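Notes to accompany the following structure.
So that the names make sense, note that chain A is the first sequence line, chain B the second, and so on, each numbered from 1. Predicted, not measured: the structure shown is a model, and the values here were computed from it.
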Amino acid sequence: MVWTELTEGLGQALAALGLLTPERLALVELAIPRERAHGDWTTNLPMILAREVGRPPRALAADLAAAFPADPERFGPVEVAGPGFLNFRYSARFLAALPARILAADAAFGRSDRGRNLAVQVEYVSANPTGPLNVVNARAAAVGAALVRLLEATGHRATSEFYVNDAGGQVELLGESVAARFAERIGVPRAFPENGYQGEYLRDLAASLPEAEARAALGSPAAGAWFRTHALERLVEAQRRDLADYGATFDAFVRESSIHDSGAVQATLEELRAKGVIYEAEGAQWVQTTRFGDDKDRVVVRANGLPTYLLPDIAYHRDKRRRGVQVSIDLWGPDHHGHILPLKASLEALGLERGFLEVLIVQQVNLMSGGQLVKMSKRAGEFVTLRDLMDEVGPDCAKFFFLMRSANAHLDFDLDLAKRQNDENPAFYVQYAHARIASILRYARTRGLEPGDAGASGEWHDQELGLVRQLAAFPEVLRGAAAAREPHRLPAYLMETAATFHRFYHECRVVSEDVPLSQRRLQLSEAARIVIRNGLALMGVSSPERMERGVEVEP
RNA sequence: GCGCCCGUAGCUCAAUUGGAUAGAGCGUUAGCCUCCGGAGCUAAAGGUUACAGGUUCGAUUCCUGUCGGGCGCACCA
């Protein structure tokens, strides 16, 4: 990987000037500049070191540039620019050889080991098991699944988990709601609980229960538990299936009840107590999170002896750490951000590393149709589900739209636009480029032409070079997106790559009478196809070989 | 009242953890198919990055304050 060679080269340059220390080497930041005129890679190292070394940035930059080891296989001469940047440019030889390397690497192109095998777990969706998944869950599923793939591709040991909140008051309410629906179905009077779950799906669920058993259970004192257990089983399975169809799979579904049953909750409390951060007040047990940055201490065991939500959550994360997870990235809904500080502080109180827990808030989604907000209310049972969304706009399109935006910004999802099967829909743009390349390769094959590097040493068109440069950035884009936990950089890069390909295609005839040139351009096109396909795969979006324009349906 | 997120082109959003001349899509306007897929390409127009200060070589990014939008502020989850 180019990044490695640049870092090593800068280390050698520092050593040549007698400036090399491990601390300074760790300061090296390499980036791909926004402006093409600033080269293919750039570093601000001279400006960062200038003060410490006591030299003007530009003079330091000039010395570093001169001391940078020549590497004609990869780079041209190093340039000093602006207030003290060092800019690197790929050599012509490197660019000419890259498409062949991409074809050889194929599905592995873009992957790296920059994650150093760190064990990272992404916990996402973790919806309450009280009903179908909604559109925020759909957004979290798209982001979470993409993040897992991105981490895996960049050399992390990535795992995924879904935490099922199957303990506590709300699932009791669920059990009562289902029992009431079942009673209603068989004509037995039974009050529907106050604030119960109103959704129509519970009527369907009640109808699917084994009737004789349910009748027997209804009369017993344990009715709530029976209906709760059966409802949970069905609802969790339905969520799992919807997510799988959507392309979001999990290494494990962990149930909160299992954390209780294993004794981990009690053990966690005792461990906290041993750390001296638990005290009793007003009949309840409190954890001193204020010692670790929280605004106030938090109750972990209520006066009635039952734990609050926080304690099992601490226990769950403690359990993750004991299972070897080094970083836990949790994707939570916008209504949970008040919980971040208490949990982080609690985990620190328990002795876990400060950076163990990272929380990404997946912000709310406003569905827009006809310029109007689509109203959703879970209480009233009126909401658009993940399943609805897949049926309406298709899984590829839904995922593309969700991944285009950064997760922690509110999102207006334009259903009308997403449904449109034409050029106004940005989701098709990248897929179209892929299908177009596939088509070109098919056409070339009918003329007996295959990708090859016969013409690599010839004169290259600017658009060809521009495309190679764009493709060369792919590994670094993946690294950056994974490191920043920002999958949305992926579609942005792919849209740019597709545009770069289209420009190349417009200016450069691929299949022509010139056989070596045709082979070279076919190879370049195939390389672009591979990059687009690899990128879309990380997003969980398909890469069609062909696309049919959808039939326009007049409203 | 306190905390968190957000405020960037007419609309929806980017901007590579503080980098160089703030970019895309949609919409608008004007062009480009005897030729490998026109779901494409080219060009134009569109900005005091909500506002006021501060930090420094350099701020959309970090800090303080103000205004506006959203979400939290439980011995619910």
Going by side-chain hydrogen bond (donor to acceptor under 3.5 Å, both in side chains), name the residues that satisfy it together with A:Arg36, two or more places apart in sequence or in a different chain. none
Partners of A:Arg58 by side-chain hydrogen bond (donor to acceptor under 3.5 Å, both in side chains), sequence neighbours excluded? none
Mark yes when over 12 heavy atoms from residues, nucleotides or ligands other than A:Glu513 sit less than 6.0 Å from its CD; otherwise mark no. no
Suppose we call a contact any N or O donor and acceptor under 3.5 Å apart; does that hold for the side chain of A:Asp295 and the base of B:rG3? no
Restricting to nitrogen or oxygen on both sides, can you table the protein-nucleotides 7-10 of chain B pairs closer than 3.5 Å?
none

What residue pairs, at least two apart or across chains, pass salt bridge (charged side-chain N to carboxylate O under 4.0 Å, His left out) with a residue in residues 302-319 of chain A? A:Glu271-A:Arg318, A:Asp319-A:Arg323
Compile the donor-acceptor pairs under 3.5 Å between side chains in residues 28-35 of chain A and protein atoms, sequence neighbours left out, one pair per line.
none

With P as the reference atom in both, quote the distance from B:rA9 to B:rU60 in angstrom, rounded to an integer. 15 Å
Anything under 3.5 Å between a protein N or O and an N or O of nucleotides 24-33 of chain B, put it in a table, one pair a line.
none

Each nucleotide in nucleotides 68-77 of chain B should get exactly one letter: B, S or -. Can you fill that in based on protein heavy atoms under 4.0 Å? --SBSSSBSB
Between the protein and nucleotides 59-64 of chain B, list every N/O to N/O distance that falls short of 3.5 Å.
none

Check whether the side chain of A:Asn87 and the base of B:rA20 form a donor-acceptor pair under 3.5 Å. yes
Should A:Arg503 be listed as having a side-chain N or O under 4.0 Å from OP1 or OP2 of B:rG40? no
Tell me, please, which residues at least two apart from A:Asp414 pass side-chain hydrogen bond (donor to acceptor under 3.5 Å, both in side chains). none
For A:Ser525, all residues meeting side-chain hydrogen bond (donor to acceptor under 3.5 Å, both in side chains), sequence neighbours excluded: none
As a test of your reading of the structure, name each stem of RNA chain B as range with range, where a stem is three or more consecutive Watson-Crick or G-U pairs at under 3.5 Å. B:1-7 with B:67-73, B:10-13 with B:23-26, B:28-32 with B:40-44, B:50-54 with B:62-66
Spacing of A:Leu490 atom CG relative to B:rC13 atom P, expressed in whole Å: 20 Å
Can you check the distance between B:rC13 and B:rA74, where both ends of the measurement are the P atom (answer in whole Å)? 30 Å
Whether A:Glu52 and A:Arg24 form a salt bridge (side-chain N of Lys/Arg under 4.0 Å from carboxylate O of Asp/Glu) is what I want to check. yes
Provide the full list of side-chain hydrogen bond (donor to acceptor under 3.5 Å, both in side chains) pairs with a residue in residues 400-413 of chain A, sequence neighbours left out, each pair given once. A:Gln363-A:His410, A:Asn366-A:Asp412, A:Ser406-A:Asn408
